[in-house]
Protein chains: 2
Amino acid sequence: MAWDTERTKGLLLEAATSEFCARGLAGARIDRIAAEAGVNKERIYQYFGNKNALFDAVIVAALSTLMDEVPIEGNGPEAMADYAGRLFDHHQTDATAPRLLFWEGLERGTDVVGLPKRMANCASKVNSTIAALPGISREDAGDLLITIVSLCDAAPVLPALDGLMAGGGPDRAERRRAAVVRTVYLAAAALAAEAKAPAATA
Amino acid sequence: MAWDTERTKGLLLEAATSEFCARGLAGARIDRIAAEAGVNKERIYQYFGNKNALFDAVIVAALSTLMDEVPIEGNGPEAMADYAGRLFDHHQTDATAPRLLFWEGLERGTDVVGLPKRMANCASKVNSTIAALPGISREDAGDLLITIVSLCDAAPVLPALDGLMAGGGPDRAERRRAAVVRTVYLAAAALAAEAKAPAATA
DNA sequence: GCAGTTTCCAACTAAGTAGTTGTAATTGTT
DNA sequence: AACAATTACAACTACTTAGTTGGAAACTGC
C-alpha cells in the first residue's frame, strides 16, 4: 500500500474539525479524532504537534475559507442584507464556522491564531462593504460586519433562544432569517444615508 | 466552629460560576472549584450531585436573575434602544451571563435546564417589549429580543472580532455600543411603524 | 453529658487523558 | 539488492480527572 501523507492529514483535519466543532478544545478527545479519522493518534503529533496546534489548524482552515465561500455581492443596503441572508443560510445548514468562532472566543479570548491571514480576509470584507456603501467610514463598515456576524453566527450557537423567546413555531428559522435580513438592511441603509448627508450627525 | 451550610453552598456556587464562566463545562475542574471556594470537593457531590448538576445550578442562578437586573423601561423604540445599551454595558463590566449562555448553547445545545423559570422570564421580557411597542406581534417582540441578546452578548464573547474587523482603536467599546444601540433603535422603530400601518407588508 | 445526626475533610479509587516509544512496513536512492 | 528515511501503529507512561469512602469534629435533642 502506498503512503498518502496528504490524505492522512486531510482525514485528521476533517475529523478534528468535526470533534472540535461539537465539543470545543477542552471537550475534544485526541483518541476520538484519531478513531474517527481511522488513523493512529501518533500521526496527530507528527503532523500537527499537539492538541492546541491541531485546534489552531482547524480554526484557520475553517474560518479563513468561509470568508470566500459567502461573498458580498452588489451595491447598496440591499447587497448587505442579501449577504446577511446568505450567511445566515450557510450557517443554518453548516454550523461549523459559527461554533468554532464561539469556541475560540470562549476558550482563547483575544489570543487569536492565524492573525495575518484572517486580518487580510476581514480587511477584504470591509473593503467590499465600503464598495457596496460608498462614502461609509472604515469603522462603520467594520461595525456593520460585526453586527452581521453577531446576528448570523449567534443563531445556530444559541438554538434554544428561539424556543425560549419566540415559542419556536414551525417556520421559526425563516422568520428569524427575515428579522436578521431586515435588521441588517435598516442598519446598512442608515449608514449609507449618513454617508451621503454627513452633516446630520456631525 | 459552627457549620454554615448555606454559606458553604454559596461559596461553592460562586466559585463554580467563576470556573464555568471561564472554562465551560468540559474545561472546568471540580478540584479547582473546591479549592477556590476553600471547601472540600466532597461537599459539591452532597449539595449539588455532580459536575453537570452544578453547572445546571450555576446556569439557572446566573441567567434567571440577569433578566431582572436589566429591565425594559419606558415606551417606544427609544426604550428598546436604551435597554440594549444598558444590557451592553452590563455585559461589558461582567461577562458572566453572556459567556455562560454561549457555553450552554455550545455544550448543551437545545437541552436547556430550568425551563419553567426561564420561559417565564423570557415571556415577561416579551410582554415588556409589547408594552413598549404597542401593536407589535408576540413573535416580532421575541425576534427583537433575540436580536438584542445576539448583539449584546456576542460582543464580550468574541473580543477578537473588534480588532479583526474594526482595527480596535481606543474608543472601540463605545463605538460598538453606539452601533448596537442604533441598530436596535432602527429595528424597533421599523416594527413599531409596521404595527401602526399593518397593510404595508400584508 | 450522651446518643444520633450532620458537616466536613484527607485519602482513596477507577477510569480516562495527552503525549511517547519501540518497531515493523513502505518508499526512494544508489 | 542494500541503505536510509519516512509512514504507520500497538503498547506504554505519567498524570489528571470525577466521584467515593471512612472516620473525625461539631451540632441537636434529651
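Everything numeric here is computed off the predicted structure, so don't read it as measured data. Letters go in sequence order (proteins before strands), and every chain restarts at 1. Computation of the quantities below employed the complete heavy-atom set of this structure, encompassing side-chain atoms and omitting hydrogens, waters and symmetry-equivalent molecules.
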Taking the side chain as C-beta and beyond, is there a heavy-atom pair between [X] and [Y] under 4.5 Å?
{"X": "R99(B)", "Y": "R23(B)", "answer": "no"}
{"X": "R108(B)", "Y": "D56(B)", "answer": "yes"}
{"X": "F20(B)", "Y": "E104(B)", "answer": "no"}
{"X": "L54(B)", "Y": "I33(B)", "answer": "yes"}
{"X": "I72(B)", "Y": "L145(B)", "answer": "yes"}

Please write out the pairs of protein N or O atoms and N or O atoms of nucleotides 12-14 of chain D separated by less than 3.5 Å, giving the distance to one decimal.
none

Side-chain donor/acceptor pairs under 3.5 Å, residues 155-172 of chain B, sequence neighbours excluded:
from	atom 1	to	atom 2	distance (Å)
D162(B)	OD1	R172(B)	NH2	3.1
R172(B)	NH1	D143(A)	OD2	3.4
R172(B)	NH2	D143(A)	OD1	3.0

Original post:
Does the pair R32(A)/E36(A) count as a salt bridge with the N-to-O cut at 4.0 Å?
Top reply: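 E36(A) and R32(A): not salt-bridged.
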
Could you give the [atom1]-to-[atom2] distance, from [X] to [N], as a whole number of Å?
{"X": "Y47(A)", "N": "dG19(C)", "atom1": "OH", "atom2": "P", "result": "18 Å"}
{"X": "K51(A)", "N": "dT16(D)", "atom1": "NZ", "atom2": "P", "result": "15 Å"}
{"X": "F48(B)", "N": "dA18(D)", "atom1": "CZ", "atom2": "P", "result": "16 Å"}
{"X": "N50(A)", "N": "dT17(C)", "atom1": "CG", "atom2": "P", "result": "17 Å"}
{"X": "I33(B)", "N": "dA18(D)", "atom1": "CD1", "atom2": "C1'", "result": "11 Å"}
{"X": "N52(B)", "N": "dT17(D)", "atom1": "CG", "atom2": "C1'", "result": "14 Å"}

Original post:
How far does CG of L100(B) sit from OG1 of T17(B), to the nearest 0.5 angstrom?
Top reply: 7.0 Å

**OP:** Under 4.0 Å from any atom of DNA chain C, heavy atoms only: list the residues of residues 7-32 of chain A that qualify, in numerical order.
**Re:**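 Under 4.0 Å from DNA chain C: A28(A), R29(A), I30(A).
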
Original post:
Under 3.5 Å, is there an N or O donor on one side and an acceptor on the other linking the side chain of N40(B) and the base of dA10(C)?
Top reply: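 Between dA10(C) and N40(B), which were checked side chain against base, a qualifying N/O pair under 3.5 Å is present.
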
Original post:
5'-most contact on DNA chain C: G49(A) or G38(B), nearest heavy atom basis?
Top reply: G38(B)

Subject >> Residue E42(B), side-chain heavy atoms: nucleotide from dC9(C), dT7(D), dC9(D) that is nearest >> reply: dC9(C)

Original post:
After noting the C-alpha distance and the side-chain angles of R138(A) and T129(A), does the key distance pass the side chain to side chain donor-acceptor pair (under 3.5 Å) rule?
Top reply: CA-CA 9 Å; R138(A) 193 162 290 272; T129(A) 303; over 6 Å; no

**OP:** Would you tell me if any nitrogen or oxygen in the side chain of Y45(B) comes within less than 4.0 Å of OP1 or OP2 on dC9(C)?
**Re:**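 For dC9(C), OP1/OP2 do not have a side-chain N/O of Y45(B) under 4.0 Å.
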
